[in-house]
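Written out below as structure tokens is the structure these notes cover.
Along the sequence shown, residues are numbered consecutively beginning with 1.
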Amino acid sequence: LLNRPDGEDEAVASGGHLLANVARPTRGNGAFELQAYYDRSDRTVPGQFDGDRHTGELDLQQSLRTGRHQLAFGSTWRVSDARDTGISGFFFAPEERTSWTINAFVQDEYELLPNRAYITAGSKFGRNNYTGLELQPNVRFRLQDGDRQMLWGAVSRALRLPTRFDTDLRLVNPVNGRLVLTGSEDFETESVVAYEAGYRAMPTPQVSVDLAVFANRYDSLRSQEFRPGIGASQPHRDGNAALGRKLYGIADQVQQNLPQAGRIAFNGFGHIALGTDRHVDALVARPHLHHRAQLGKQPLRFAERVAEDHR
């Protein structure tokens with residue numbers, strides 16, 4: 001891919017990738033898959049930024065069934081070398097950095113009741129050059145009555161690893177040359193623990209209902225911190241001061257298949273950010289109609305935003 005500039009100030013992007021994949025069935029109704037990937041990208045914004053990145057990844061997965069257990073496990077190795085050249089007011093230090101991650105995962109779905117109740121437990125284990133060892137466990141449960149209805153719940157932990165923007169970014173005031181913002185080698189992983197539950201049903205062949213509730217707790221979210229000590233010359237630093245943020249809400253969908261016309265889905269969503277006294281509610285109608293139907297295909301939306309309570 002190459003975007004040719006129309007003028008001297010236009011950005012130029014180029015690159016390419018190579019993907020190889022091998023998959024085959026194994027004993028016990030299992031499957032094995034091996035995938036290798038290489039990507040190169042280059043982006044230049046004249047007078048602002050020049051970035052060149054090489055990324056390689058090797059991924060393998062194995063699944064098998066034994067008795068009531070459906071097992072899956074695998075591993076991923078990823079290496080990325082980046083060279084990012086900025087300008088006097090915006091740059092990365094160091095200019096070149098090699099990042100790597102090594103992950104392994106294991107998951108077991110156990111059939112508690114034949115064709116009715118299942119519990120799934122597993123975890124992803126990873127190590128990276130920014131924060132070291134990281135864990136992402138999860139547990140899921142589902143109870144189903146044939147193909148018509150299902151009750152489910154889950155608890156899981158997810159992460160966002162640091163990037164060069166969190167650790168290496170430097171912003172400098174072009175007027176006086178003072179460092180305004182700096183990344184930090186101490187930047188931690190952002191995390192969320194998500195609690196979810198839901199109910200799905202198909203009361204008739206034409207109508208389906210999907211209802212879900214969730215509660216999320218976020219920790220170590222990115223912040224910009226002022227470190228007192230050297231007066232106004234002290235730069236702000238990327239940190240993880242946003243702790244214990246919570247979000248909970250509900251989401252639902254009712255879908256009606258219309259004979260000779262298509263289908264229409266009504267999506268409702270609402271969430272509340274605890275500690276901020278703010279919430280957002282929305283209702284979206286999405287027609288998916290055949291070409292001869294008269295009703296337009298654009299979503300019909302209703303949304304309400306309640307301003308922050310300053311009392």
Side-chain angles (χ1 to χ4, degrees), residues 72 76 101 103-109 118-128 130-144 149-163 165-167 184 186-201 208-225 238-255 265-284 286 299 301-311:
T76 301
T101 59
N103 297 316
F105 78 92
V106 60
Q107 177 179 286
D108 180 18
E109 180 184 80
Y118 302 83
I119 186 170
T120 302
S123 184
K124 183 178 180 180
F125 311 86
R127 190 171 185 86
N128 65 88
Y130 288 107
T131 62
L133 182 65
E134 300 284 2
L135 302 178
Q136 299 182 67
N138 73 88
V139 178
R140 307 183 70 88
F141 171 80
R142 78 177 190 269
L143 178 65
Q144 61 188 51
Q149 56 183 342
M150 180 177 70
L151 184 68
W152 62 272
V155 180
S156 56
R157 182 174 187 259
L159 306 175
R160 186 190 76 86
L161 298 179
T163 68
F165 281 91
D166 303 310
T167 61
S184 172
D186 298 327
F187 193 91
E188 301 175 4
T189 298
E190 295 180 327
S191 67
V192 58
V193 178
Y195 304 86
E196 305 167 276
Y199 174 73
R200 297 174 182 173
S208 61
V209 179
D210 196 334
L211 176 67
V213 295
F214 62 89
N216 298 339
R217 178 185 174 88
Y218 300 86
D219 275 309
S220 301
L221 296 183
R222 181 177 179 175
S223 62
Q224 291 184 1
E225 305 168 3
D238 287 336
N240 303 90
L243 304 175
R245 300 299 174 90
K246 299 178 182 178
L247 181 73
Y248 71 88
I250 184 171
D252 63 88
Q253 174 177 288
V254 179
Q255 181 170 291
F266 293 90
N267 300 86
F269 177 83
H271 71 259
I272 297 178
L274 296 186
T276 65
D277 297 322
R278 293 180 297 181
H279 74 266
V280 176
D281 302 301
L283 175 63
V284 181
R286 300 180 181 274
R301 301 174 183 271
F302 167 78
E304 177 188 10
R305 180 183 181 91
V306 177
E308 184 173 351
D309 188 350
H310 295 283
R311 292 176 297 177

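- Between the OH atom of Tyr218 and the CG atom of Asn216 there is a distance of 4.0 Å, given to the nearest 0.5 Å.
- Under the salt bridge (charged side-chain N to carboxylate O under 4.0 Å, His left out) criterion, Arg142 pairs with Glu109, not counting sequence neighbours.
- With values rounded to the nearest 0.5 angstrom, Ile119 atom CD1 is found 11.5 Å from Arg140 atom CZ.
- In this view, Ser156 satisfies the side-chain hydrogen bond (donor to acceptor under 3.5 Å, both in side chains) rule with no residue, not counting sequence neighbours.
- In terms of the side chain to side chain contact (heavy atoms under 4.5 Å, CB included) criterion, residue partners of Leu151 (sequence neighbours excluded) are, by chain and number, Tyr199.
- The side chain to side chain contact (heavy atoms under 4.5 Å, CB included) check on Thr163 picks up Arg160, Phe165, Asp166, with sequence neighbours excluded.
- Checked against side-chain hydrogen bond (donor to acceptor under 3.5 Å, both in side chains), Asn138 has no partners two or more places apart in sequence or in another chain.
- Note that CG of Leu221 and CD of Glu190 are 5.0 Å apart. Values are rounded to the nearest 0.5 Å.
- When every heavy atom of Ala158 is checked against every heavy atom of Gln136, the shortest pair comes out as CA-OE1, 3.6 Å.
- A heavy-atom distance below 4.5 Å is found between the side chains of Gln144 and Tyr118.
- Side-chain contact check for Phe125 versus Leu135: some heavy-atom pair is nearer than 4.5 Å.
- Although no hydrogens or angles enter the test, the distance criterion places no donor-acceptor pair under 3.5 Å between the side chain of Arg157 and the main chain of Ser191.
- Between Pro162 and Thr189 there is a side-chain heavy-atom pair separated by less than 4.5 Å.
- Looking at residues two or more places apart in sequence or on another chain, you find a side chain to side chain contact (heavy atoms under 4.5 Å, CB included) between Asn128 and Thr101, Tyr130, Thr131, Glu134, Leu161.
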